[in-house]
Amino acid sequence: MHEQARGVEDLKRQTPETLRKLLSYDPETGALTWKWRTADVHPNDQARRAFNTQFAGKPAFTSDDGSGYMQGQILGVPHRAHRVAWAIHHGKWPIEVDHINRIRNDNRIVNLKDGCRVDNLRNLPLQKRNSSGFIGVNIHKPSGKWVAYIGNKSKKIHLGLFTDKAEAIAVRKAAEIKYGYHANHGRNL
């Protein structure tokens with residue numbers, strides 16, 4: 001229970017204002033850098049000097065989490081770099097950050113968009129298993145025609161069966177516009 005309570009207290013301390021005391025963020029490059037710790041942030045003299053000697057002025061959040069996102073810890077609590085960058089730049093924690101160009105370690109502020117899970121799902125690349133070359137369009141095996149579909153509000157919407165693949169793609173593209181999909185959706189950048 002004590003460890004859990006301490007973890008909650010650590011999270012409460014990690015406000016955007018606290019992050020700004022601990023880290024510098026360059027919105028042009030997306031780089032995070034450790035700042036020199038002062039007594040108000042790190043009261044233990046020996047630990048503060050050790051931190052400053054080893055980390056101050058050096059890049060922060062340089063570890064890949066295995067899926068392409070950069071990560072690190074703040075006062076023992078793990079975070080992803082794009083969320084920390086957003087919080088420092090905008091002064092509030094994001095709901096869910098989307099990398100617009102889909103490059104997970106590109107944390108420039110122009111590449112980060114606060115949104116929700118639905119927004120992130122509307123900016124997906126073409127999956128490797130896709131056989132048609134276009135997201136939301138494939139062969140309907142029983143009829144041998146092209147079928148187009150799209151997702152909206154957790155529902156799969158059938159857009160129709162088509163003899164012409166180009167027509168199925170056009171209908172799918174129109175539905176992407178109607179339902180607010182990102183222009184990069186279905187493209188491999």
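The structure displayed is predicted, hence computed values, not measured ones.
K21 places no side-chain N or O within donor-acceptor distance of the main-chain N or O of E17, the cut-off being under 3.5 Å. Under a 3.5 Å cut-off, the side chain of K58 and the backbone N or O of W34 do not form any donor-acceptor pair. No donor-acceptor pair under 3.5 Å is formed between the side chain of R108 and the backbone N or O of T29. Within the 3.5 Å criterion, the main-chain N or O of G68 finds a donor-acceptor partner in the side chain of D64. A distance-only check finds no donor-acceptor pair linking the side chain of R83 to the backbone of W93 [under 3.5 Å]. Side chain of R80 to main chain of M70: no donor-acceptor pair is present (N/O by atom type, distance under 3.5 Å, no hydrogens or angles). Not one N or O on the side chain of N105 forms a donor-acceptor pair closer than 3.5 Å with the backbone of Y69. The closest donor-acceptor contact from the side chain of Q14 to the backbone of I74 lies under 3.5 Å. Of the possible polar contacts, none joining the H140 side chain to the V147 backbone as a donor-acceptor pair under 3.5 Å is found.
Going from atom OG1 of T53 over to atom CZ of R49 covers 8.5 Å, rounded to the nearest 0.5 Å. Between E96 atom CD and K113 atom NZ the span is 10.5 Å, to the nearest 0.5 Å. To the nearest 0.5 Å, atoms OG1 (T62) and CG (L32) are separated by 10.0 Å. Atom-to-atom distance recorded for H90:NE2 and I109:CD1 is 4.0 Å, nearest 0.5 angstrom. To the nearest 0.5 Å, atom CG of residue L75 and atom CG of residue L22 are 5.5 Å apart.
Here the closest non-hydrogen pair linking V84 and H79 is CG2-CB, 3.6 Å. Across all their heavy atoms, W146 and T163 have their closest contact at CD1-O, 3.8 Å. Summarising the geometry of N107 relative to A81, their closest heavy-atom pair is ND2-CB, 3.6 Å, with the distance given to 0.1 Å. Contact record, A87 with P16: O-CB, 3.4 Å, taken as the closest heavy-atom pair. The minimum heavy-atom distance between S24 and K35, with the atom names listed, is OG-CE, 3.3 Å. Minimum interatomic distance between A168 and A148 (heavy atoms only, all atoms of both residues): O-CB, 3.7 Å.
In the hydrophobic cluster analysis, where Ile, Leu, Val, Met, Phe, Trp and Tyr join through side-chain heavy atoms closer than 4.5 angstrom, W36 is grouped apart from F55. Both W86 and F61 belong to a single network of hydrophobic side chains, linked directly or stepwise wherever heavy atoms of I, L, V, M, F, W or Y lie under 4.5 Å apart. Hydrophobic clustering of Ile, Leu, Val, Met, Phe, Trp and Tyr side chains at less than 4.5 Å, counting indirect connections, keeps L161 apart from I139.
Under the 3.5 Å distance criterion, with hydrogens and angles disregarded, a donor-acceptor pair is assigned to the side chains of N101 and D106.
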- request: For salt bridge (charged side-chain N to carboxylate O under 4.0 Å, His left out), just list the numbers for R172 and E176, CA-CA rounded to whole Å, side-chain angles, deciding distance to a tenth of an Å, and then say yes or no.
  value: CA-CA 6 Å; R172 166 60 195 221; E176 288 177 9; 2.9 Å; yes
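Cation-pi geometry between K145 and F162 is not met: the NZ or CZ atom fails to fall both under 6.0 Å from the ring centre and inside 45° of the normal.
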